[in-house]
Number of protein chains: 2
Amino acid sequence: MEKYIPVLSRTKLFAGVAGKDIAAMLGCLQAKLRRYKKGEYVLRQGEQMHDIMLLAEGALHIQRDDYWGNRSIVSSVEAGDMFGEAYAAPDSGALLNDVVAVEDSAVIFFDSGRVLRVCSSACRFHSAVVQNLFFAVSERNRTLVQKLGHMSRRSTREKLISYLSDESKRHNSSSFFIPFNRQQLADFLSVDRSAMSSELCRMRDEGMLSFEKNHFVLK
Amino acid sequence: MEKYIPVLSRTKLFAGVAGKDIAAMLGCLQAKLRRYKKGEYVLRQGEQMHDIMLLAEGALHIQRDDYWGNRSIVSSVEAGDMFGEAYAAPDSGALLNDVVAVEDSAVIFFDSGRVLRVCSSACRFHSAVVQNLFFAVSERNRTLVQKLGHMSRRSTREKLISYLSDESKRHNSSSFFIPFNRQQLADFLSVDRSAMSSELCRMRDEGMLSFEKNHFVLK
DNA sequence: ACAAGTATGTTGTTTTTACAACGCAAAGGA
DNA sequence: TCCTTTGCGTTGTAAAAACAACATACTTGT
């Protein structure tokens, strides 16, 4: 677990906490590490899970398949991202989505009760972590609203523009990689893959952007 | 402001706090009350606002109009609901949406710094309120994911079924009122009003449900 | 190197949605 | 009461998306 201290110190959960203090807190928070192979499920829709989780390594998708096999991707999780915070409350009910490893991954689990309960003097940074947690949930909240903004666009083209503009802004660059292949991007934006593919090529031919695999450049 | 203490004691923010203690906290949290006429804007997209707000009376919509006048409704706010919590952090940036009164309303503003900072002994329930706040943001988070679920449905009919089923479950009844008229529901689900209207009538004719104005009964 | 599987683009057809226009009924104000 | 506004349903047409099917290039494992 110690090898991930540098990653942890860059996470939003431990913002402002020094590496050595993080190491001390891992015990206090009963941190547990688990590894997953590409394609493995980390969590399944319908389960109860009240831990707070950090992705130490790899990449995950938070998604859901309906009865007919239509997949809907809610978000992607990258190394250093937190997930599951919204289910920390004991009465938060069953998970609405699956969490799947799209690369070989390592996840650290924290007991949410331990995180939320103000503990003894040992962890002096504890209250900072609680506030970090609140800010992180707030930020995810804003991200979800932003995604609602993409999904509320009328046409496939508008959805693409809305999403790609956002990614460009997020990376502070007109050139960036997205965490999806075509099918996944279609599942993320809730559109048909082939229609989206055509639309992307049309936009490229009109000179709005260029791309190769999952690398995009906006013009 | 005191007349709203009964409403406040039923809010998620003050869950577990007695009415008299709430009264004491109002000063500590620098609570301010403002009234809005139907149609007035409470907040505008692009503004900075880091207060936490509670709707004491009336009804609001959180929505956004794009350049071409297409409206998208993110959520409705009912009496006793909190809003703006996602922007409590000082670095949370500008608001993404407008907040509009759809009825004459009364809003209570709390200084978020005061809420988050653990204050002097005076407010012994303060830490409970902070935890309530975290749980409330978490719950909104789950609600937003649920809304993403509605929006990701392929057809207007599926969106309606997804949304109405949810409302039915939320009210624990197959008979319930929704906080939208037809145009607003269409803006909420991001579909065309007239197409949605036809679809609703078709579903009624097939015996799936019945409705009158904003009252629905699922069969 | 080869075979099998995966990812992407392309095309044509069918289905669905968006849009525009209108009629009617109910609500609200003068 | 009358007039205006608003909300809802309906219809026909145009536009867009979904769907299915296939060609090609690229990966991966043996």
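No hydrogens, no waters, no symmetry mates; every other heavy atom, side chains included, goes into these values. Numbers restart at 1 for each chain; the letters A, B, ... are given by sequence-line order, proteins then strands.
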Using a strict 4.0 Å threshold on nitrogen-to-oxygen distance, state whether B:E103 and B:K38 make a salt bridge. no
Within the structure shown, what part of the strands sits under 4.0 Å from B:S155 by heavy-atom distance: base, sugar-phosphate, or nothing? sugar-phosphate
Quick one: do A:D66 and B:R153 make a salt bridge, cutoff under 4.0 Å? yes
Distance in angstrom units between B:D192 CG and D:dA17 P, rounded: 14 Å
Walking DNA chain C from its 5' end, the first of A:N181 and A:R154 to be reached, judged by nearest nucleotide, is A:N181
Assign each of A:N70 and B:Q183 to its nearest nucleotide of DNA chain D by heavy atoms, then name whichever residue's nucleotide is nearer the 5' end. B:Q183
Taking the nucleotide of DNA chain D with the closest heavy atom to each, which residue, B:S194 or A:S194, is nearer the 5' end? B:S194
Please check if the side chain of B:D187 supplies one atom and the backbone of B:S72 the other of a donor-acceptor pair under 3.5 Å. no
Regarding B:F211, tell me which of base, sugar-phosphate or nothing describes its non-hydrogen contacts under 4.0 Å with the strands shown. sugar-phosphate
Electrostatic pair B:D98-B:R44, nearest N-O below 4.0 angstrom: no
When you get a sec, tell me which of D:dA18, C:dT8, D:dT10 is the closest nucleotide to the side chain of A:R193? C:dT8
Ring centroid separation for B:H61 and B:F180, is it under 6.0 angstrom? yes
Take atom CD of A:E212 and atom P of C:dG9, then tell me their distance rounded to the nearest Å. 10 Å
With respect to the side chain of A:K213, which nucleotide from C:dG9, D:dT27, D:dA17 is positioned closest? D:dT27
Tell me: NZ of A:K38 to C1' of D:dT27, nearest whole Å? 10 Å
Rounded to the nearest angstrom, tell me the gap between atom CE in A:M203 and atom P in C:dG9. 13 Å
Can you see if the side chain of A:R182 gets near the phosphate of C:dG9 - specifically, an N or O under 4.0 Å from OP1 or OP2? yes
Rounded to whole angstroms, how far apart are CZ on A:R202 and C1' on C:dT8? 16 Å
Any side-chain N or O of A:T156 under 4.0 Å from OP1/OP2 of D:dA17? yes
Between CG of B:D187 and P of C:dA18 the distance, given in whole Å, is 12 Å
